[in-house]
Visitor: 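Supplied in structure tokens, the structure appears directly below.
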Amino acid sequence: MNASRTVVVAGATGYIGRHVARVLHARGYRVRALARDPRRLEPIRDACDEVFIGEATQARTLDGLCADAEVVVSSLGLRTLRSRPTPDAVDLDANLNVLETAQRASVRHFVFVGVLNGEELMELVPILRPRETFVRRLRNSGLRWTVLRPTGAFNDMQEIFGLAKHGWGLVLGDGHHRINPIHPADIAAVAADAITDMTLYDTEFGFGGPDIYTHEELSGLAAQVLGRTIRIAHLPYWPIDSVIAATRLFNRNASGFLRFFRQTLSRDMVGTPLGEHTLRDYYRELAHP
Ligand SMILES: NC(=O)c1ccc[n+]([C@@H]2O[C@H](COP(=O)([O-])OP(=O)(O)OC[C@H]3O[C@@H](n4cnc5c(N)ncnc54)[C@H](OP(=O)(O)O)[C@@H]3O)[C@@H](O)[C@H]2O)c1
């Protein structure tokens with residue numbers, strides 16, 4: 001029944017977007033994947049019923065992107081330590097370009113992947129402002145909208161595992177703040193649910209994975225899976241604050257992302273627990289690739 005329903009996936013070449021395309025295709029939707037470089041779709045080529053080649057930062061390349069589509073899911077966003085492009089160009093302007101093509105094509109519903117607690121964090125983390133500005137524009141777009149706000153995904157937990165392999169855990173402050181990291185496939189499942197679940201229409205939803213851990217416990221879990229003991233070091237806040245201030249002088253993106261991690265590591269980042277994939281299993285896969 002969904003086969004006639006086309007869903008445009010913006011960000012389809014990314015970590016979350018690839019899973020979004022897979023889940024939508026598995027549920028029978030016709031997936032139109034936006035890519036600036038189609039080679040980046042190779043791992044999910046089977047899930048892409050159509051490929052639309054366009055550079056989202058340049059509006060003129062998106063003509064026809066949303067023709068006959070009912071829904072857009074966008075996880076398009078900047079996650080780079082390089083100094084260019086700016087978050088304004090990608091998180092805000094590129095998503096606005098996609099939104100405008102959706103409006104012109106009378107798309108019914110726009111699902112956007114934001115950041116848990118983004119609205120309250122943006123005062124301290126300016127790099128989040130463009131994404132939050134987009135959220136405001138989406139809310140006033142006249143389209144049905146859903147803003148999904150996942151907490152940190154499993155890819156952000158890899159460094160913890162890597163350190164544990166070398167016998168170390170590193171936490172900021174006392175390491176007692178909590179998070180429930182989530183697998184991208186579980187984020188994608190919520191994005192697909194949002195298309196039909198009316199409780200997710202015109203609303204925001206903050207969520208995370210099934211298990212809640214303190215940061216110290218994240219290192220402990222990695223050590224357990226590896227079957228080894230580790231030494232946990234507690235890093236005070238001031239060295240990272242100094243690095244953030246120094247980096248800002250020559251690379252605002254890098255400084256902005258460091259600030260994002262500094263702030264999210266110094267508060268609880270726990271969303272509604274859901275999903276089927278556990279961090280323990282993810283760490284097991286990393287231990288036995
Ligand atoms: N991963 C997480 O832990 C997490 C957790 C919560 C929320 N989020 C939110 O979800 C968003 C996506 O995360 P992700 O992990 O999927 O990121 P990702 O793997 O870096 O994917 C980002 C997507 O945006 C596209 N993009 C980036 N820069 C672009 C540019 N200059 N022009 C056109 N397209 C561009 C990428 O295209 P290319 O492949 O061509 O570069 C890719 O499709 C983030 O921005 C964040 O706000 C992420």
Side-chain angles (χ1 to χ4, degrees), residues 8-23 31-44 48 51-59 61-62 65 72-98 111-119 121-122 125 127-135 138 147-160 179-188 190-191 204-209 218 253 256-257 260-261 263-265 269-271 275 277 279 282:
V8 171
V9 182
T13 54
Y15 180 64
I16 294 174
R18 284 179 184 171
H19 285 272
V20 171
R22 276 200 198 107
V23 170
V31 170
R32 184 179 297 156
L34 171 65
R36 49 183 173 163
D37 176 357
R39 285 170 302 182
R40 300 217 355 105
L41 290 172
E42 262 156 36
I44 55 157
C48 301
V51 174
F52 186 100
I53 298 171
E55 169 59 78
T57 52
Q58 292 167 29
T61 68
L62 299 184
L65 171 68
V72 172
V73 179
S74 177
S75 58
L76 195 144
L78 191 70
R79 277 173 74 87
T80 180
L81 296 181
R82 294 199 207 110
S83 56
R84 294 261 166 230
T86 63
D88 272 324
V90 182
D91 290 310
L92 178 57
D93 295 344
N95 276 303
L96 281 178
N97 290 338
V98 176
V111 180
F112 183 65
V113 181
V115 174
L116 184 71
N117 303 332
E119 207 158 13
L121 275 168
M122 73 172 168
V125 186
I127 206 166
L128 291 176
R129 276 186 206 144
R131 226 164 167 76
E132 293 307 316
T133 306
F134 178 77
V135 167
L138 176 60
V147 174
L148 302 177
R149 294 187 177 278
T151 189
F154 284 1
N155 57 341
D156 285 344
M157 307 298 130
Q158 268 186 40
E159 276 71 24
I160 295 171
I179 184 167
N180 52 337
I182 185 162
H183 193 288
D186 288 329
I187 299 176
V190 181
E204 306 195 7
F205 179 47
F207 59 98
L218 289 173
N253 282 356
F257 278 106
F260 172 72
F261 287 113
Q263 290 300 333
T264 53
L265 291 172
M269 287 291 285
V270 177
H277 298 80
L279 188 63
Y282 177 72

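Atoms within a ligand are numbered from 1 in the order they appear, just like the ligands themselves.
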Visitor: Flag the pair H183 / H19 as yes when at least one side-chain heavy-atom distance between them is below 4.5 Å, and no otherwise.
Guide: yes

Visitor: Nearest to atom 27 (C) of ligand 1 by heavy atom, A12, G77, A56, A35: which?
Guide: G77

Visitor: Where on I187 is there a heavy atom closer than 4.0 Å to ligand 1, on the side chain, on the backbone, on both, or on neither?
Guide: neither

Visitor: Does the side chain of V147 reach to within under 4.5 Å of the side chain of E119, using non-hydrogen atoms?
Guide: no

Visitor: Would you say N155 touches ligand 1, if touching means a heavy atom closer than 4.0 Å?
Guide: yes

Visitor: So, does T57 use its side chain to make a donor-acceptor pair with the main chain of A89 at under 3.5 Å?
Guide: no

Visitor: What are the two closest heavy atoms between A21 and V31, and how far apart are they?
Guide: O-CG2, 3.7 Å

Visitor: Do the side chain of T151 and the main chain of M269 share a donor and acceptor less than 3.5 angstrom apart?
Guide: yes

Visitor: Going by distance only, is there an N or O of R36 that falls short of 3.5 Å from an N or O of ligand 1?
Guide: yes

Visitor: Check side-chain hydrogen bond (donor to acceptor under 3.5 Å, both in side chains) between T86 and all other residues, then give those that pass, not counting sequence neighbours.
Guide: none

Visitor: Any N or O of D156 that comes nearer than 3.5 Å to an N or O of ligand 1?
Guide: yes

Visitor: Just to be sure I read this right, does ligand 1 sit under 4.0 Å from the backbone of P85, its side chain, both, or neither, counting only heavy atoms?
Guide: side chain

Visitor: As a quick check of understanding, evaluate side-chain contact (heavy atoms from CB on, under 4.5 Å) for F261 and D156, giving each step before the final call.
Guide: CA-CA 10 Å; F261 287 113; D156 285 344; 3.9 Å; yes

Visitor: With nothing but distance in play, are any N or O atoms of D91 less than 3.5 Å from an N or O of ligand 1?
Guide: no

Visitor: Return the option from G271, G118, G54, S75 holding the heavy atom at the smallest distance from atom 12 (C) of ligand 1.
Guide: S75

Visitor: Evaluating non-hydrogen atoms only, which member of T13, V98, I16, T61 is closest to atom 39 (O) of ligand 1?
Guide: T13

Visitor: Show the atoms of ligand 1 that are less than 4.0 angstrom away from any heavy atom in R79.
Guide: 1 (N), 2 (C), 3 (O), 4 (C), 13 (O), 14 (P), 15 (O), 17 (O), 20 (O), 44 (C), 48 (C)

Visitor: Sequence neighbours excluded, which residues qualify as salt bridge (charged side-chain N to carboxylate O under 4.0 Å, His left out) partners of D88?
Guide: none

Visitor: May I ask you to identify the nearest protein heavy atom to atom 21 (O) of ligand 1, giving residue, atom name and distance to one decimal place in Å?
Guide: G14 CA, 3.3 Å

Visitor: Non-hydrogen atoms of I182 versus ligand 1: any pair closer than 4.0 Å?
Guide: no

Visitor: Under 4.0 Å, heavy atoms only, figure out whether ligand 1 is touched by the backbone of E55, its side chain, both or neither.
Guide: side chain

Visitor: Pairs of nitrogen or oxygen atoms closer than 3.5 Å, one from P150 and one from ligand 1: do any exist?
Guide: no

Visitor: Would you find a donor on one side and an acceptor on the other, under 3.5 Å apart, between the side chain of R149 and the backbone of N117?
Guide: no

Visitor: Evaluating non-hydrogen atoms only, which member of S74, P87, G114, A10 is closest to atom 7 (C) of ligand 1?
Guide: G114

